[in-house]
Peer 1: 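Below are the structure tokens for one structure; questions will follow.
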Amino acid sequence: MDEILKISGVEIRSRLWVGTGKYKDFKETKEAIEASGAHVVTVAVRRVNITDHSRENLLDYIDPKKYIILPNTAGCYTSEDAVRTARLARTAGISDMVKLEVIGDERTLLPDNEALIEAAKILVKEGFVVLPYTSDDPVVARKLEDIGCSAIMPLAAPIGSGLGIRNPYNIRIIKESASVPVVVDAGVGTASDAAIAMELGADAVLMNTAIAGAKYPVKMAHAMRMAVEAGRLAYLAGRIPRKLYASASSPLEGLIE
């Protein structure tokens, strides 16, 4: 049997995590999230109205009693902005758990790992459950874990690129070295990418554009759900070793002469 995923003592019922951006409206957002079977749903504190109840609010469509709402610091380019945004989410009563992002380059949206580590140190000391979005660098991953981050979230490829896992070996190294959950984040393009991430041993996969940007987001959400489940089962089952030459499925002994 598979173990239940836990982060900082919180049980998470699905290994597919989803974002809430880029959908055509909140109704489609809700339908896609339901089809995905996700339990963790991320929201960008700086980009989505989650605090002003006088206007249409994302949380009117996503029940905080049903989902774990994970605020993220998307759009932050300095450690100061990221820390301020995380504090805002906590003050608004959303969560002490935060997906920490500090972007280092506007064109590629790759993380600024130096600023990320700086922000993580501050937030961990303030009692946040920090889940940092980082590059697929095993050394940086180790530093973030040593700081006290509760999970590591390495990218598969640049945000929204849909390129799939560009460096599976680094993901494997991070997973083998980490004693906290590893959540592959960013770059997934289709269901096979999600399955591969799980087959590598990732504890979960987080995606947004791959679902929201699909021709039929609700169908893609369902596909991603099945892919993550299949990939996880394949990882637990243990794949056969790769061989250069063929190996007969049926034994050679006992053949009729």
Side-chain angles (χ1 to χ4, degrees), residues 7-8 10 17 19-21 40 42-48 68-91 94-161 163 165-167 169-188 197 202-209:
I7 294 181
S8 192
V10 177
W17 301 9
T20 51
V40 174
T42 69
V43 294
V45 178
R46 299 186 67 184
R47 294 173 176 165
V48 179
I68 295 173
I69 307 299
L70 178 63
N72 68 59
T73 61
C76 294
Y77 285 81
T78 67
S79 59
E80 292 81 7
D81 280 349
V83 168
R84 188 181 306 112
T85 301
R87 289 169 177 164
L88 174 63
R90 181 160 69 178
T91 301
I94 301 169
S95 181
D96 288 332
M97 186 181 290
V98 61
K99 177 192 168 187
L100 180 61
E101 296 183 33
V102 185
I103 301 301
D105 179 72
E106 189 172 358
R107 187 168 65 91
T108 64
L109 299 181
L110 291 173
D112 181 337
N113 288 325
E114 183 178 355
L116 177 70
I117 290 171
E118 181 181 345
K121 288 179 179 178
I122 295 170
L123 293 175
V124 167
K125 286 181 180 179
E126 293 184 4
F128 282 86
V129 176
V130 180
L131 284 57
Y133 162 70
T134 178
S135 62
D136 57 351
D137 183 336
V139 175
V140 173
R142 185 175 65 247
K143 289 180 178 180
L144 289 165
E145 182 177 351
D146 290 344
I147 288 168
C149 292
S150 299
I152 304 298
M153 304 182 72
L155 55 81
I159 293 173
S161 67
L163 289 172
I165 298 177
R166 295 294 84 201
N167 195 335
Y169 306 104
N170 275 16
I171 299 295
R172 285 185 60 184
I173 292 170
I174 291 171
K175 174 58 185 174
E176 289 173 2
S177 303
S179 59
V180 296
V182 174
V183 182
V184 170
D185 181 12
V188 168
D203 295 285
V205 180
L206 171 60
M207 63 187 72
N208 185 182
T209 307

Peer 1: Does a side-chain heavy-atom distance below 4.5 Å link L70 with S95?
Peer 2: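 The answer is no; the side chains never approach within 4.5 Å.
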Peer 1: Considering non-hydrogen atoms only, spot the tightest contact between L163 and A157 and give its length.
Peer 2: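 Heavy atoms only, the tightest pair is CB-CB, 3.8 Å.
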Peer 1: Locate the shortest heavy-atom distance separating V184 from A156; write the atom from each residue and the value.
Peer 2: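 The pair with the smallest heavy-atom distance is CG1-CB, 3.7 Å.
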Peer 1: Just so I know, are the side chains of C76 and V102 near enough to count as touching, which here means a heavy-atom distance under 4.5 Å?
Peer 2: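 Sidechains of V102 and C76: no contact.
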Peer 1: Please tell me if the side chains of L155 and L110 come closer than 4.5 Å, counting only heavy atoms from C-beta onward.
Peer 2: yes
Peer 1: Checking the side chain of D203 only, and the main-chain atoms of V183 only, is there a donor and an acceptor separated by less than 3.5 Å?
Peer 2: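 Absent.
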Peer 1: For residues 94-112, pull every pair meeting salt bridge (charged side-chain N to carboxylate O under 4.0 Å, His left out), keeping only residues two or more places apart or in separate chains.
Peer 2: R90-D96, K99-E101, K99-D185
Peer 1: To check you understand the geometry: which heavy-atom pair defines the closest contact between P154 and I152, and what is its length?
Peer 2: CD-O, 3.3 Å
Peer 1: Search all heavy atoms of T73 against all heavy atoms of A82 and return the closest pair with its distance.
Peer 2: CG2-O, 3.5 Å
Peer 1: Would you list the pairs meeting salt bridge (charged side-chain N to carboxylate O under 4.0 Å, His left out) in which at least one residue belongs to residues 140-155, sequence neighbours left out?
Peer 2: none
Peer 1: Shortest non-hydrogen contact from P138 to I174?
Peer 2: CA-CG1, 3.7 Å
Peer 1: Mind listing the side-chain donor-acceptor pairs of residues 124-134 below 3.5 Å, one per line with the distance, residues two or more places apart or on another chain?
Peer 2:
| from | atom 1 | to | atom 2 | distance (Å) |
| --- | --- | --- | --- | --- |
| E126 | OE1 | R87 | NE | 3.1 |
| E126 | OE2 | R87 | NE | 3.4 |
| E126 | OE2 | R87 | NH2 | 2.4 |
| T134 | OG1 | N113 | OD1 | 3.1 |

Peer 1: Kindly say whether T42 contributes a backbone atom to a donor-acceptor pair with the side chain of N72 at under 3.5 angstrom?
Peer 2: no
Peer 1: Restricting to non-hydrogen atoms, name the atom on P181 and the atom on I7 that form the minimum distance, rounded to 0.1 Å.
Peer 2: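 Of all heavy-atom pairs spanning P181 and I7, the closest is CG-CG1, 3.8 Å.
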